[in-house]
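Heads up: the structure comes next, in structure tokens.
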Amino acid sequence: MSAPARLTSSAVIAAAAAVITLAALVPLSRAPGLGDEEARFLAPGLPGASPPPTQGAAEAPSQVPPLASLAARVATAAAAPLGVGPVTASRLPSVLAAALLAAGVALLAGALAGPVAAALAPALLLASPRLLAAFLHAGPRPLGVSLVFTAAVASWRSAASRRAGGRIRNGGYAGVLFGLAVAAQLEAALLLPVLAAHAALVRVLRHLRRAPGQPSLRDPSAASEPPAPIEASLHGVPVAVAALAVIGPAIAFALWPWLWPDPVHRVPVAVRLALSQPRLPWTFPVFTTALALPAAVVAAGIAGLLHAVLRLARAFLGAPGLSDELFLLLGVAWPFAAAQLGVAVHGPGLGPWLAAFPFLAVLSARAIVSAGRAAWPAHATGLAAAAGTMAVAAALSATVHAWPEPDAAWGELAGGAPGAASLGLPRQDGEAVAALLASVSARARPGARVHLAAPHAGALALYRATGQLRADLVPVGTPEEADLALVPLSSARAAEYQVWAAFGTATPVDGVFLDEVPLAWVYARPGAWR
Amino acid sequence: MPGVWFDSAPPSTAAGTGIGCDPASMSALLRDPSAAPPRRGLVRRALRGAATPFARLWRRRPGATRACGALVVLAIGGLGVAGTAFPLVLRRALPTADDWAAAGALLTRDARPGDAVVVSPAWAERLRAVAPPRLQVLAYPRFAGEDLDGIRRLWLVSLPGAPGFGWDAEVDLLERAARAEAPLTLGGLEVARLDVTYPELPLAFLPDRLPGALVTRGGAPCPPEASGGYRCPGAATTVTRIVADVGGIPRPCLSLDGVGVEPLAVAFSIVPVGRLLRGHAAVAARLDQAPGPPGHAEAARGAQVRVTVRIDGEEAGTADLVAGGWRPFRIDTGRWAGQAHAVVLEARAAGPASLCLEAVTAP
């Protein structure tokens with residue numbers, strides 16, 4: 001297939017991926033419950049869901065980038081006339097971000113490995129329960145991840161453009177998207193040093209390698225030896241990096257009113273807040289990823305990484321594609337590094353290093369296509385499509401099985417939810433409570449006082465606002481003053497034991513389970529449960 | 001020339017030696033020691049013949065790139081098939097709602113006072129919802145070193161097909177209890193009854209006696225609160241009966257929050273006393289009340305609390321408890337055994353600390 005035809009087919013597949021993602025995720029986004037992180041994000045913006053006195057917010061809302069909350073408010077206002085509830089409406093920006101990401105991933109995979117990879121990459125990214133769940137919750141993370149990825153791809157296309165106009169145009173896109181990403185999530189700012197490091201590394205490796213090979217069509221450093229006129233005027237700095245450094249901060253500043261009165265003092269405050277995240281053990285992100293995702297998706301990811309490393313080694317020895325491979329590998333590596341160094345915002349599940357997965361999906365899809373081509377050249381497409389489809393089927397099977405608690409799913413390597421519980425891994429972030437609301441609304445006595453243990457107690461008010469919890473039930477802050485207690489189970493059980501002590505019983509009246517692993521309980525005082 | 005025959009002659013040419021492939025020839029060969037070399041030749045030829053297809057396959061093996069590609073495709077496809085089937089396999093290995101209901105009915109029918117239920121693995125706490133409320137449900141990963149106070153019989157409800165299931169809990173329990181009868185299988189559940197060999201039957205569990213106690217700090221009484229606890233005036237000191245999360249395990253205990261230099265005492269007026277007062281405690285530093293230079297927090301984290309036991313005003317013993325874990329202590333009360341006495345638990349620490357204190361009097 002010629003390059004233009006490949007690009008066209010990839011564009012069609014990318015558009016289809018975006019439409020399918022949108023069509024699938026809009027109805028699905030109604031189901032998952034509110035996790036602690038999402039409740040913290042939504043509670044300040046919705047009437048009647050103010051933070052409870054016992055669980056104050058960790059930071060003032062104005063000190064965090066505003067784009068995600070702005071998008072949630074706009075979506076809520078726009079969807080309200082259509083009868084869409086505030087929580088579901090607040091999740092629409094995340095769903096849109098997922099659609100944008102699916103298209104971007106398909107385009108990049110298609111450009112690297114053809115239409116089969118373009119079709120597989122978005123499916124590998126979004127079919128797994130944990131990754132799907134990450135894009136079904138409101139919050140800055142899905143928007144930030146999507147914008148970071150598209151900014152990175154735009155900068156890659158800028159570097160790949162042969163003409164100065166293409167470089168400048170794509171660089172401008174990259175700068176704008178980068179600014180929006182930073183306005184959504186401050187850790188997105190790490191993309192700038194990563195891309196700068198990429199450009200520098202490419203230059204160093206090209207100098208170090210033994211024989212200068214045939215330059216890649218998309219290899220910016222190859223094209224910049226000697227530098228193109230536009231980059232020569234920038235002292236060799238790639239156009240996209242320059243655009244990120246200039247346009248990005250300007251846009252982020254323009255979108256963040258809190259910074260306007262005193263940027264000199266407030267920017268360091270916001271940066272300090274972003275850097276004050278807990279550091280994770282160095283093995284934690286890698287092992288959590290391996291245990292949380294379906295084994296076939298993990299295997300595809302490992303194959304993709306090894307394939308990219310091999311291609312990088314070959315490129316170092318003279319083959320084309322040095323810049324591409326380094327770009328993709330850095331795209332996977334930096335979110336993991338940021339999570340371990342305490343730079344990424346702490347969160348449940350795979351969230352802190354979520355930005356790695358679009359790149360990992362592209363690498364996985366390309367590795368499957370390359371493996372099919374190597375194994376049976378005459379039937380490469382069919383073979384790759386079959387293997388990829390089986391991996392996606394495993395992911396979809398896990399999602400269907402875990403639904404509506406995709407946040408609680410664990411992969412086969414962990415032994416599913418039971419194996420993960422045996423290993424002491426966290427069960428969820430409070431989302432499973434939503435599955436108990438129907439029975440609580442049906443069986444709680446009129447006017448009962450309800451306590452939600454552990455996650456942000458604003459979630460109860462949000463459930464009441466969306467009609468999932470009966471309106472006459474009264475949220476209260478402590479189990480001592482409650483008639484009913486909803487207890488999501490995770491690693492720490494202190495809140496549940498407090499309910500035992502207050503209610504004088506350890507026998508729940510209802511529960512929600514995934515593969516027999518309890519995810520949440522309802523406890524009731526005598527007479528409160530009919 | 002057996003060697004020549006061994007290397008070159010086909011089996012059919014060996015007919016003159018009386019050695020062939022027919023059973024009679026083989027038995028002759030087995031009887032005649034001098035015919036051993038031809039037998040080795042036969043084995044070697046047979047092995048060589050059997051290996052020939054593999055050798056051919058090996059010669060026709062794919063190149064490294066093709067093999068790697070095939071391996072990746074097979075691995076991803078195979079794992080995909082396995083992953084697709086995994087939820088179904090898991091569902092078949094685990095108990096159903098009916099199995100749980102059956103276990104609940106069994107326990108409701110057969111459990112007696114002094115019984116407790118152990119679930120294995122420890123996360124299988126669905127049993128709490130079906131077991132009769134009077135039964136204590138113990139969901140611990142291990143039982144070595146755990147007190148089984150007041151328990152005469154144990155019902156071990158296990159999920160042998162669950163991923164992550166191990167025999168640790170059962171092995172620990174079998175050191176202290178004997179299997180009373182063969183385990184009963186209820187679908188995906190297995191229910192076994194164990195009789196505790198030497199039941200430990202305490203005389204009094206002191207945390208449960210808090211409502212009638214007198215709490216003082218530095219000699220000044222701390223008034224009771226409506227919630228059932230006590231709060232000392234002028235200080236962030238409380239004494240309550242809680243269930244604490246100590247290392248992931250629920251521990252019913254007296255929470256002495258804000259232990260400091262001044263003695264915090266809990267006096268129980270009438271407690272049956274035996275030969276021993278024993279218990280456990282978890283000590284934690286109150287870092288929020290420990291302002292100080294760098295390094296002070298580290299010192300506070302290694303906090304130490306001294307618990308003194310007084311019976312009828314006389315000191316029976318002390319225990320120095322340090323932070324970290326569920327620390328046991330034992331105090332000899334033999335002199336007062338056999339009667340009810342006034343018992344005082346008094347705690348003091350060099351720095352602000354919290355204490356989760358469980359204590360029983362044992363015969």
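Below, chains carry the letters A, B, ... as their sequence lines are ordered, and counting in each starts from 1.
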Contact winner vs chain A - Val246(B), Leu94(B), Leu71(B), heavy-atom pairs under 4.5 Å: Leu94(B)
Separation between CD of Glu412(A) and CG of Leu79(B), rounded to the nearest 0.5 Å: 7.5 Å
Proximal component of Pro121(B), with respect to chain A [non-hydrogen, under 4.5 Å]: side chain
Tyr497(A) to Gly248(B) - nearest heavy-atom pair and separation: OH-O, 3.6 Å
Contact leader toward chain B among Gly411(A), Ala494(A), Ala371(A), where contacts are heavy-atom pairs under 4.5 Å: Ala371(A)
Chain B contact residues among residues 500-511 of chain A, heavy-atom distance under 4.5 Å: Trp500(A), Ala501(A), Ala506(A), Thr507(A), Pro508(A)
Trp376(A) side, atom CH2; Arg66(B) side, atom CZ - distance, nearest 0.5 Å: 8.5 Å
Most chain A-contacting option - heavy-atom pairs closer than 4.5 Å, from Pro87(B), Ala244(B), Gly77(B): Pro87(B)
Nearest heavy-atom neighbours spanning Gly415(A) and Phe86(B): C-CZ, 3.8 Å
What pairs of donor and acceptor atoms, side-chain ones from residues 419-426 of chain A against any protein atom, are under 3.5 angstrom apart with sequence neighbours left out?
{"unit_1": "Ser422(A)", "atom_1": "OG", "unit_2": "Pro418(A)", "atom_2": "O", "d": "3.1"}
{"unit_1": "Ser422(A)", "atom_1": "OG", "unit_2": "Trp123(B)", "atom_2": "NE1", "d": "2.8"}

Partner chain A: residue of Val72(B), Leu90(B), Ile242(B) with the largest heavy-atom pair count (under 4.5 Å): Leu90(B)
Options Gly164(B), Gly83(B), Pro250(B), ranked by heavy-atom pairs under 4.5 Å with chain A, top entry: Pro250(B)
Interface residue of largest heavy-atom contact number with chain A, from Cys68(B), Pro95(B), Pro141(B), Gly228(B), under 4.5 Å: Pro95(B)
For chain B, the option from Ala296(A), Gly416(A), Pro294(A) that forms the most heavy-atom pairs under 4.5 Å: Ala296(A)
Flag if over 12 foreign heavy atoms under 6.0 Å of CZ, Arg92(B): no
Side-chain donor/acceptor of Arg126(B) to backbone N/O of Glu516(A), under 3.5 Å: no
Which residues share a side chain to side chain contact (heavy atoms under 4.5 Å, CB included) with Arg109(B), sequence neighbours left out: Leu106(B)
Neighbour count >12 (heavy atoms, 6.0 Å) for atom CZ, Phe287(A): no
Nearest atoms (heavy-atom pairs only) where Ala70(B) meets Ala375(A): N-CB, 3.4 Å
Where Val73(B) and Gly372(A) come nearest, the two heavy atoms and their spacing: CG2-N, 3.7 Å
Chain B neighbours within residues 383-397 of chain A, where any heavy atom lies under 4.5 Å away: Leu383(A), Ala387(A), Met390(A), Ala391(A), Ala393(A), Ala394(A), Ser397(A)
Closest-packed option against chain A by number of heavy-atom pairs under 4.5 Å, given Arg128(B), Arg251(B), Arg241(B): Arg128(B)
